[in-house]
Amino acid sequence: MSGEQHVYVDDEFEEQVRELLARDADAVRPVPAPYPAIRRRGVAERRRRTAVAGATLLALTAVPVGAYAWAGGSGTEGSVTAAEPKPSVSAPRTPAASAAASGPGRPATDGQLLDGITFTEAAKALKQCLATEHVSSLMGGDQGNVDNYRIILAAKSTGDSNTPGDGIHVVGVSDRPAGFRVICNVKDGVSAGISTSASGAEGPDAGPVVPDANGGDLYQQSIIDKGKWKLPFRWGMIGTVDPSVAKVTVSYGDSSADPAVLDHGWFVAAGVLNQQVVLAPHVKGYDAAGKLVYDSDDDKTYDRTLP
């Protein structure tokens, strides 16, 4: 009978062991792999690696652009080290400053966009003019690419007997080559003429202020209409200045620009004429101390009398 009791104890113990093993098996059963979470982490990691690779490639491809600097007005490539940026009135983009930017650069001040002409309208007119006048094929190089220009003046143009109908004048300057500029006359969205010039044409004896010798389109009407100009007449004048020049004034008939705008080596003047004139604009330049350093009346290369 004691043997039967021993068997009963063994059976009870075995049953307890089986129950414990079953519970342990459930406790250590591996949890199914969280596939969705793993996939999300994998996709995120691939995107991160792609972004890093893309940024690296962008940095590598951007190096050749920034590796060249147009050397201060020489029009030639500088050293591999990028030139230090120089502050300006409103830090407008210059043609050589950003290869990624599209379209011409802005003038130093909004006051150089006159008669309600917006920068967008001026940029569109300049681009249309360069294309219509075939500047690229006639001048060669990059002179026909509007991206290489910066607008320094946009103003109303008055029609005359030679070119009837009002329009807008847009003056664009370029660093390629240095000192190159165009004056475009655009009427109803169509180019009505272009004038070009470049620095250096004035000769080695030029003074610290050089009025643009071919800028008469901005302040004259046709010789056919001499003495009978349409009034009021919006006029403008441009030219180059040395860094030593701190102020430029321009007087013309009963109007004046005092001072003219100094814009990265250019002076820009404008006004409204209300009387007939026979004399060209009178230009004066001053240094930082207020000393007169240029007077167009004393400039033998400047035509004081209008044609």
Side-chain angles (χ1 to χ4, degrees), residues 73 75 95 104-105 107-109 112-114 122 126 129-130 133 135 139 143 148-158 168-186 193-223 233-243 245 247-253 255-271 273 277 279-285 293-307:
T109 69
Q112 291 160 250
L113 302 173
L114 303 172
L126 178 60
C129 171
L130 293 173
E133 302 297 339
V135 174
M139 304 297 297
Q143 284 89 330
N148 294 330
Y149 286 84
R150 189 169 58 82
I151 293 174
I152 62 170
L153 178 64
K156 173 187 174 183
S157 66
T158 301
I168 64 172
H169 276 133
V170 179
V171 181
V173 297
S174 175
D175 290 337
R176 308 179 187 182
F180 184 80
R181 70 99 181 113
V182 297
I183 299 176
C184 289
N185 190 5
V186 178
I194 188 172
S195 168
T196 65
S197 183
S199 63
E202 63 276 0
D205 298 328
V209 179
V210 181
D212 194 307
N214 296 316
D217 290 346
L218 295 174
Y219 59 84
Q220 298 178 40
Q221 294 182 35
S222 172
I223 190 173
F233 171 52
R234 164 65 76 186
W235 62 271
M237 189 173 198
I238 62 170
T240 57
V241 293
D242 285 350
V245 176
K247 178 181 177 181
V248 171
T249 65
V250 180
S251 58
Y252 191 30
S255 62
S256 64
D258 186 1
V261 175
L262 300 184
D263 187 344
H264 297 80
W266 294 85
F267 76 83
V268 182
L273 194 63
V277 290
L279 296 179
H282 185 193
V283 185
K284 293 182 178 181
V293 295
Y294 174 83
D295 190 329
S296 59
D297 284 351
D298 301 325
D299 187 346
K300 296 180 180 179
T301 66
Y302 185 73
D303 292 327
R304 294 182 56 206
T305 304
L306 295 174

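Nothing here was measured: the structure is a model prediction, and the numbers come from that model.
How far CG of Leu153 is from NE2 of His169: 9.5 Å, rounded to the nearest 0.5 Å. With rounding to the nearest 0.5 Å, the separation of CG in Leu126 from CD1 in Ile168 is 9.5 Å. The structure places CD1 of Ile151 at 11.5 Å from CG of Asp263, a figure rounded to the nearest 0.5 Å. Going from atom OG1 of Thr158 over to atom CZ of Arg234 covers 9.5 Å, rounded to the nearest 0.5 Å. Here the CZ atom belonging to Phe180 is positioned 11.0 Å from the CG atom belonging to Asn148, to the nearest 0.5 angstrom.
For the pair Leu273 and Gly253, the tightest heavy-atom approach, listed with the atom from each and the gap, is CD1-CA, 3.8 Å. In terms of heavy atoms, Phe267 sits closest to Ala260 at CD1-CB, 4.4 Å. The two residues Phe233 and Leu218 have their closest heavy-atom pair at CZ-O, 4.2 Å. Counting all heavy atoms, side chain and backbone alike, Pro281 lies closest to Met237 at CB-SD, 3.6 Å. Considering all non-hydrogen atoms of both residues, Arg181 and Gly215 come closest at NH2-N, 3.9 Å. Closest of all the heavy-atom pairs between Val209 and Gly285 is CG2-CA, 4.0 Å.
A heavy-atom distance below 4.5 Å is not found between the side chains of Ile194 and Asn185. Between Asn214 and Thr196, every side-chain heavy-atom pair lies at or beyond the 4.5 Å cut-off. You'll find the side chain of Val210 stays beyond 4.5 Å of the side chain of Thr301, heavy atoms only. Side-chain contact between Thr249 and His282 is absent, with no heavy atoms from C-beta onward closer than 4.5 Å. For the pair Val277/Leu306, a side-chain contact is recorded, criterion being any heavy-atom separation below 4.5 Å from C-beta on. A 4.5 Å side-chain heavy-atom check between Lys247 and Asp258 finds at least one atom pair inside the cut-off. Using a 4.5 Å cut-off on side-chain heavy atoms (C-beta onward), Pro107 and Trp266 make no contact. Using a 4.5 Å heavy-atom cutoff, the side chains of Glu133 and Cys184 are not in contact.
Residues passing the side chain to side chain contact (heavy atoms under 4.5 Å, CB included) test with Val293 are Pro208, Val245, Asp287, sequence neighbours excluded.
Judged by distance alone, the side chain of Tyr252 and the main-chain N or O of Tyr219 form a donor-acceptor pair under 3.5 Å. When atom types are taken as modelled, the side chain of Ser174 and the backbone of Gln143 share no donor-acceptor pair closer than 3.5 angstrom.
Checked options Cys129, Ser195, Ser157, Ser197; the residue passing with Ile183 is Ser195 (criterion: side-chain contact (heavy atoms from CB on, under 4.5 Å)).
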Let's go through Ile152 and Val261 carefully: what are the C-alpha distance in whole Å and the side-chain angles of both, what is the deciding distance for side chain to side chain contact (heavy atoms under 4.5 Å, CB included) to 0.1 Å, and is it a yes or a no?
CA-CA 9 Å; Ile152 62 170; Val261 175; over 6 Å; no
